[in-house]
Peer 1: 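Before anything else, here's the structure in question.
Only heavy atoms go into these numbers, but all of them, side chains included; no hydrogens, no water, no symmetry mates.
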Amino acid sequence: MPENISVLGLGLMGSALADAFLTAGHRVTVWNRTPGKADPLVAKGATAAATPAEAVEASPLVIACLLDYPSVYEVLHEVSLAGRTLANLTTGRPAEAREAASWATERGADYLDGGIMAVPHMIAKPGALILYSGSGAAFDRHEQALAVLAEPRYVGEDPGMAPLLDLAMLTGMYGQMAGFLEAAVMVTSAKYPLKEFTTNLLIPWLNAMAALQPAWAEKIEAGDHRTEVSNLEINRAGLENLVRAFREQGVKPDLLLPMKTVIDQRVARGLGHEGLSGLVEELS
């Protein structure tokens with residue numbers, strides 16, 4: 001069933017969200033600090049609001065996708081949010097989300113915070129995921145509309161949980177990227193074809209390693225880091241070998257060095273018999 005939905009912020013992501021709602025047949029009101037950005041959406045049937053207050057008044061569901069959390073406060077500080085659901089899809093930190101939830105509920109709104117696990121061109125396509133946390137009642141009320149954007153996954157009443165999981169997933173992504181970049185500089189230093197290495201060797205290996213992570217998660221939750229496979233002492237020696245090989249190839253191992261430091265630290269504590277999962281205790 002079509003809903004009235006307002007979208008505040010028409011950058012690349014905000015425009016993609018508004019366009020997805022329009023394509024699904026919802027009645028969409030949009031607002032942006034630079035009005036001209038609304039023109040392509042208006043041409044598709046959206047209504048351009050002159051002010052944030054006008055946009056909020058138009059719809060029970062208000063999507064904010066702005067630069068940062070201070071921008072949300074700046075845009076909405078004089079706007080009544082009574083009776084509205086504010087779904088804040090602005091990228092931020094867990095502490096910011098909790099503060100924003102208190103701020104919004106004091107003004108009469110139900111609050112959802114979101115973590116968008118997609119880039120703009122993925123919105124409304126298979127594989128896109130948006131995490132939501134905050135008001136469970138608001139999520140239930142608007143889940144069908146939110147599903148237009150991406151798979152909507154509710155992760156709990158704590159408003160900070162969606163941005164926390166968002167950042168945790170980005171952390172895993174950056175770690176993977178760091179590993180790829182270091183592998184790439186090693187391979188290219190030897191003039192081996194990088195695409196061939198990536199497709200035929202690296203990706204199958206990374207997939208095999210990723211399959212081990214659920215077992216690691218169990219070990220971390222249990223606090224049991226025993227291993228019969230590859231302990232920290234073996235990995236310490238392995239990383240020492242890697243670092244020497246990088247330098248002999250004339251390239252830098254800089255993205256590997258922080259992990260080497262943590263492994264060395266753990267082994268120095270007399271815990272070289274543990275598995276790699278034990279490193280989480282050095283980070284707590």
Peer 1: Keeping H225 on the side-chain end and G275 on the backbone end, is there a donor-acceptor pair under 3.5 Å?
Peer 2: no
Peer 1: Is there a side-chain contact between F246 and V185 in this structure, where contact means two heavy atoms from C-beta onward sitting under 4.5 Å apart?
Peer 2: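 Yes, close enough: below the 4.5 Å cut-off.
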Peer 1: Under 4.0 Å between a Lys/Arg side-chain N and an Asp/Glu carboxylate O for R141 and E143?
Peer 2: no
Peer 1: Does one hydrophobic cluster hold both W216 and L239, with members joined at side-chain heavy-atom distances below 4.5 Å?
Peer 2: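 In one cluster: yes.
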Peer 1: Got a second to check how far D264's CG is from N235's CG, nearest 0.5 Å?
Peer 2: 11.0 Å
Peer 1: Between D39 and L41, is there a donor-acceptor pair closer than 3.5 Å when you use the side chain of the first and the backbone of the second?
Peer 2: no
Peer 1: Can you check whether D254's main-chain N or O pairs, donor with acceptor, with E182's side chain at less than 3.5 Å?
Peer 2: yes
Peer 1: Determine, using the 4.5 Å side-chain heavy-atom cutoff (strictly less than), whether L81 and L61 are members of one ILVMFWY cluster.
Peer 2: no
Peer 1: Okay, side chain of T51, backbone of E54: is any donor-acceptor separation there less than 3.5 Å?
Peer 2: yes
Peer 1: Give a yes or no on whether R153 atom CZ has more than 12 heavy-atom contacts from other residues, nucleotides or ligands under 6.0 Å away.
Peer 2: no
Peer 1: If I take atom CG from residue L255 and atom NZ from residue K252, how far apart are they, to the nearest 0.5 angstrom?
Peer 2: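 Nearest 0.5 Å value for the CG-NZ distance: 10.5 Å.
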Peer 1: Of all residues at least two apart in sequence or in a different chain, which pass the ring-ring contact (aromatic ring centres under 6.0 Å, His included) check with Y132?
Peer 2: F139
Peer 1: Group every Ile, Leu, Val, Met, Phe, Trp and Tyr by side-chain heavy-atom contacts under 4.5 Å, then state whether I220 and L167 land in the same group.
Peer 2: no
Peer 1: Flag the pair K37 / V30 as yes when at least one side-chain heavy-atom distance between them is below 4.5 Å, and no otherwise.
Peer 2: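 Not touching, per the 4.5 Å side-chain cut-off.
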Peer 1: Tell me, with the steps shown, if T90 and L67 meet side-chain contact (heavy atoms from CB on, under 4.5 Å).
Peer 2: CA-CA 7 Å; T90 301; L67 175 64; over 6 Å; no
Peer 1: Is it true that Y73 and D68 share a donor-acceptor pair across their side chains at a distance under 3.5 Å?
Peer 2: no
Peer 1: What is the distance from atom OG of S135 to atom CG of D110, rounded to the nearest 0.5 Å?
Peer 2: 4.0 Å
Peer 1: Going from NZ on K219 to CD on Q213, what distance comes out if it is rounded to the nearest 0.5 angstrom?
Peer 2: 14.5 Å
Peer 1: Nearest heavy-atom pair of L8 and A55: which atoms, and what distance?
Peer 2: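 Smallest heavy-atom distance, with atoms named: CD2-CB, 3.7 Å.
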Peer 1: Between E151 and I130, is the side-chain contact (heavy atoms from CB on, under 4.5 Å) condition met? List the steps.
Peer 2: CA-CA 6 Å; E151 177 193 343; I130 301 180; over 6 Å; no
Peer 1: Check whether any side-chain heavy atom of R93 lies under 4.5 Å from a side-chain heavy atom of P163, and answer yes or no.
Peer 2: no
Peer 1: Taking the side chain from Y154 and the backbone from G134, do they hold a donor-acceptor pair closer than 3.5 Å?
Peer 2: yes
Peer 1: Quick one: do L201 and V187 end up in the same hydrophobic cluster if we chain Ile, Leu, Val, Met, Phe, Trp and Tyr together by side-chain heavy atoms under 4.5 Å apart?
Peer 2: yes
Peer 1: Quick one: closest heavy-atom pair of S59 and N4, and the distance?
Peer 2: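 Answer, listing the atom of S59 first, then N4: CB-O, 3.2 Å.
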Peer 1: Is there a side-chain contact between F180 and T198 (heavy atoms, below 4.5 Å)?
Peer 2: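 F180 vs T198: side chains touch.
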Peer 1: Just so I know, are the side chains of R247 and P253 near enough to count as touching, which here means a heavy-atom distance under 4.5 Å?
Peer 2: yes
Peer 1: Would V7 and T29 count as a side-chain contact (heavy atoms from CB on, under 4.5 Å) if you check the C-alpha gap in whole Å, the side-chain angles of each, and the deciding distance to 0.1 Å?
Peer 2: CA-CA 6 Å; V7 178; T29 299; over 6 Å; no
Peer 1: In terms of hydrophobic clusters joined by side-chain contacts under 4.5 Å, are I63 and L131 together?
Peer 2: no
Peer 1: Starting from the C-alpha separation in whole Å, work towards a yes-or-no answer on salt bridge (charged side-chain N to carboxylate O under 4.0 Å, His left out) for E281 and R269.
Peer 2: CA-CA 12 Å; E281 297 188 4; R269 295 183 193 278; over 6 Å; no
Peer 1: Just checking L12: does its CG atom have more than 12 heavy atoms from other residues, nucleotides or ligands closer to it than 6.0 angstrom?
Peer 2: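 No, because the 6.0 Å sphere around CG of L12 holds 12 heavy atoms or fewer from other groups.
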Peer 1: For a side-chain contact (heavy atoms from CB on, under 4.5 Å) check, start with the C-alpha distance between T47 and V28, then their side-chain angles and the critical distance, and finish with the verdict.
Peer 2: CA-CA 6 Å; T47 299; V28 179; over 6 Å; no
Peer 1: Is R266 salt-bridged to E274, cutoff N-O under 4.0 Å?
Peer 2: yes
Peer 1: Spell out, as yes or no, whether a donor-acceptor pair under 3.5 Å connects the side chain of T34 to the backbone of G36.
Peer 2: no
Peer 1: Side chains of L10 and W31, heavy atoms from C-beta outward: is any pair under 4.5 Å?
Peer 2: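 No; the side chains remain at least 4.5 Å from each other.
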Peer 1: When rounded to the nearest 0.5 angstrom, what is the spacing between CD in Q249 and OG in S189?
Peer 2: 4.0 Å
Peer 1: If every non-hydrogen atom of A64 is compared with every non-hydrogen atom of L86, which pair is closest and at what distance?
Peer 2: CB-CD1, 4.1 Å
Peer 1: Is any NZ, NE, NH1 or NH2 atom of the basic residue among R84 and E57 found under 4.0 Å from an Asp or Glu carboxylate oxygen of the other?
Peer 2: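 So R84 does not pair with E57 through a salt bridge.
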Peer 1: Does some side-chain heavy atom of M169 sit less than 4.5 Å from a side-chain heavy atom of M173?
Peer 2: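 Contact flag for M173/M169 side chains = no.
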Peer 1: Does the pair E240/K260 count as a salt bridge with the N-to-O cut at 4.0 Å?
Peer 2: yes
Peer 1: Which value, rounded to the nearest 0.5 Å, describes the distance between I116 atom CD1 and L129 atom CG?
Peer 2: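 Rounded to the nearest 0.5 Å, the CD1-CG separation comes out at 10.5 Å.
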Peer 1: Can you check whether D19 reaches K44 side chain to side chain, under 4.5 Å on heavy atoms?
Peer 2: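 SC-SC contact between D19 and K44 confirmed.
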Peer 1: Any idea which heavy atoms bring L276 and I263 closest together, and the distance?
Peer 2: CD2-CD1, 4.0 Å
Peer 1: Distance-only, no hydrogens or angles: does the Y192 side chain make a donor-acceptor pair with backbone N or O of F197 under 3.5 Å?
Peer 2: no
Peer 1: Please give me the minimum heavy-atom distance between C65 and G14, naming the atom from each residue.
Peer 2: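 Closest heavy-atom pair between C65 and G14: SG-N, 3.8 Å.
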Peer 1: Quick check: closest heavy atoms across M117 and M122, and the distance to 0.1 Å?
Peer 2: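 What the structure gives for the nearest pair is O-CE, 4.5 Å.
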Peer 1: Quick check against the 3.5 Å criterion: does T105 have a side-chain atom that pairs as donor or acceptor with the backbone of S102?
Peer 2: yes
